[in-house]
Protein chains: 2
Amino acid sequence: MAGLSLRKVAAALDTGAASLYVYVANLDELHALVLDRVLGEVVTPPQQDGDWRSRLKAALRSYSEALYARPGLAQVALSTIPSGPNMVELTECLLDLLQQGGMELDRAAWAVDLLLLHTSAFAAERDNRRGDDKVALRRAQEALGSVSPEKHPHIHALGAELFSGEQSRYDWALDVLINGVLNTPRP
Amino acid sequence: MAGLSLRKVAAALDTGAASLYVYVANLDELHALVLDRVLGEVVTPPQQDGDWRSRLKAALRSYSEALYARPGLAQVALSTIPSGPNMVELTECLLDLLQQGGMELDRAAWAVDLLLLHTSAFAAERDNRRGDDKVALRRAQEALGSVSPEKHPHIHALGAELFSGEQSRYDWALDVLINGVLNTPRP
DNA sequence: TGTTCTTGACAAACAGTGTTCGTTAGCTAT
DNA sequence: ATAGCTAACGAACACTGTTTGTCAAGAACA
């Protein structure tokens with residue numbers, strides 16, 4: 001996905017780049033199509049597997065992994081307003097799970113939006129932390145590590161803690177969102 | 001920011017593109033520098049203005065507006081691991097606010113990360129909804145509006161509700177995050 | 001059968017992009 | 001005076017998405 005271009009797609013199809021414009025209006029549209037195709041892989045656990053909360057978490061984790069598996073795809077999820085059939089399917093499933101948790105439908109609508117936005121953003125962050133630019137990461141760690149204890153006591157006290165946790169941090173964030181959504185009625 | 005290129009920057013400085021590489025290693029590095037400079041505009045409310053919660057929300061809203069004011073900048077915030085002085089300042093301020101709310105420092109570290117990630121993602125979403133591609137938005141609205149009531153009853157029942165709320169939705173999401181963070185201890 | 005009309009396909013060109021290379025000018029230190 | 005270093009710059013490389021004009025095949029209609 002990162003490094004995908006119309007010319008490469010065309011070459012793989014043994015044709016020229018301009019020929020693709022018959023089927024696709026735009027590069028962005030191609031991106032959206034690829035995204036929705038990948039979203040077809042997202043598995044939503046069946047009804048009898050655990051309670052709604054763990055099923056919701058499993059579905060979102062599956063969504064996150066599908067995005068993370070293709071470098072650059074998470075950015076696409078943040079750059080387009082997805083409306084493909086697989087995205088509709090997933091949205092409907094998440095709405096259903098939240099309603100099983102006793103949530104009103106209008107609040108569930110905003111909650112699904114929030115959960116998907118966060119999961120996409122998290123996948124994107126994980127994505128561009130890997131490989132891409134080890135230099136920037138090391139520079140950031142140094143910049144935050146060697147900070148004056150007087151001016152920034154909290155950051156100094158935390159140290160490397162600011163970059164800790166990969167999977168556990170995602171799990172925690174998901175719990176934060178679900179708890180928050182349950183405890184915050186819509187205005 | 002969208003449409004910013006090394007050549008245009010160089011032209012504005014009456015020089016060639018290659019000359020910029022003396023001061024900047026990369027386009028990404030230039031982006032990071034621009035981001036941190038803009039982050040200097042973020043206002044963090046003084047100690048005596050209201051309680052910690054409303055001050056936290058005001059600071060994050062200021063961060064969000066600073067990103068949204070420049071098209072494309074929110075994407076930059078999601079694509080880099082920011083480590084400039086202004087970002088350090090903001091992080092320290094947010095950590096302090098959360099600690100005033102009685103939160104342990106290690107939980108506050110993850111909370112700040114989550115709050116900033118969400119706010120950046122929200123700004124990015126708002127950003128590419130505007131102007132950019134009205135076609136995609138209308139297509140999404142049509143795709144979700146004309147969905148079969150049998151296969152996707154929840155989405156059908158919601159209708160245009162899925163795209164409602166701009167400012168109120170952000171305020172709600174912020175409350176969700178703060179409530180969630182307060183109610184979810186670190187593992 | 002002959003003639004339009006439409007659709008898919010493609011090469012070439014346009015207007016850009018980030019980045020690298022080789023070379024110059026100016027300013028110190030030795 | 002010589003050497004070394006830094007900033008600067010033009011040109012080129014290897015790409016990118018998109019538009020334009022042209023061409024062939026098939027369908028619809030007379």
Side-chain angles (χ1 to χ4, degrees), chain A residues 1-38 67 70-84 124-125 127-140, chain B residues 1-38 67 70-84 124-125 127-140:
Chain A
M1 181 59 60
L4 175 119
S5 75
L6 287 173
R7 285 186 154 86
K8 283 178 190 165
V9 171
L13 265 50
D14 273 322
T15 179
S19 307
L20 300 179
Y21 281 81
V22 177
Y23 308 94
V24 165
N26 224 341
L27 180 65
D28 288 342
E29 196 171 302
L30 178 66
H31 281 161
L33 288 171
V34 171
L35 173 63
D36 200 73
R37 164 142 302 189
V38 171
L67 290 187
R70 282 86 176 182
L73 189 63
Q75 283 285 346
V76 173
L78 286 170
S79 306
T80 67
I81 10 198
S83 59
E125 201 186 39
D127 186 16
N128 58 29
R129 270 203 211 302
R130 86 173 140 203
D132 177 56
D133 211 350
K134 291 247 185 226
V135 179
L137 207 160
R138 207 157 39 75
R139 200 169 19 162
Chain B
M1 180 59 62
L4 174 120
S5 76
L6 287 174
R7 284 187 155 85
K8 284 178 188 164
V9 171
L13 265 52
D14 272 322
T15 179
S19 307
L20 300 180
Y21 281 81
V22 178
Y23 308 94
V24 165
N26 225 339
L27 180 66
D28 288 342
E29 197 171 301
L30 177 67
H31 281 160
L33 288 171
V34 171
L35 173 62
D36 200 71
R37 163 144 302 191
V38 171
L67 290 187
R70 283 85 177 182
L73 189 63
Q75 284 284 346
V76 173
L78 286 170
S79 306
T80 66
I81 11 199
S83 59
E125 199 186 41
D127 185 17
N128 58 28
R129 271 204 211 301
R130 85 173 138 202
D132 176 57
D133 209 351
K134 291 244 185 229
V135 179
L137 207 161
R138 206 158 40 75
R139 199 169 21 161

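Every heavy atom of this structure was used, including side-chain atoms; hydrogens, water molecules and symmetry mates were not. Because the structure is predicted, anything quoted here is derived from the model rather than measured. Order of the sequence lines fixes the chain letters, A, B, ..., with proteins taken first and strands second; residue numbering starts at 1 for each chain.
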Quiz item: Among dA13(C), dG18(C), dC10(C), which nucleotide sits nearest the side chain of Thr15(A)?
Solution: dC10(C)
Practice problem: Go through dT17(C), dT18(D), dT19(C) for me and flag the one nearest to the Leu27(A) side chain. | Solution: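 The closest nucleotide is dT18(D).
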Quiz item: Between atom CG of Leu78(B) and atom CG of Asn128(A), what is the distance when rounded to the nearest 0.5 Å?
Solution: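 So the CG of Leu78(B) and the CG of Asn128(A) are separated by 8.0 Å.
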Taking only N and O in the side chain of [X], is any of them less than 4.0 Å away from OP1 or OP2 of [N]?
X: Ser19(A); N: dG8(C); value: no
X: Asn26(A); N: dT18(D); value: yes
X: Tyr21(B); N: dT20(C); value: no

Exercise. Between Ala18(A) and Ser5(A), name the one whose nearest nucleotide on DNA chain D is closer to the 5' end.
Key: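 Result of the comparison: Ser5(A).
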Quiz prompt | Rounded interatomic separation in angstrom, taking CG from Leu6(B) and P from dG16(C) | solution =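 It is 16 Å, rounded to the nearest whole Å.
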Self-check item: Nearest-angstrom distance from the residue atom CG of Leu20(B) to P of dC9(D)
Solution: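 To the nearest whole Å, that distance equals 9 Å.
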Quiz item: Is there a donor on the side chain of Arg7(B) or the base of dG16(C) sitting less than 3.5 Å from an acceptor on the other?
Solution: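 Not at all, since no donor on one side and acceptor on the other fall under 3.5 Å apart.
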Practice problem: For residues Leu30(A) and Leu20(A), determine if any side-chain heavy atom of one lies less than 4.5 Å from a side-chain heavy atom of the other. | Solution: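 In short, these two side chains do not touch, never coming nearer than 4.5 Å.
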Exercise. Please assess Val34(A) against Val76(A) for the test side-chain contact (heavy atoms from CB on, under 4.5 Å), listing each intermediate value before the final yes or no.
Key: CA-CA 9 Å; Val34(A) 171; Val76(A) 173; over 6 Å; no
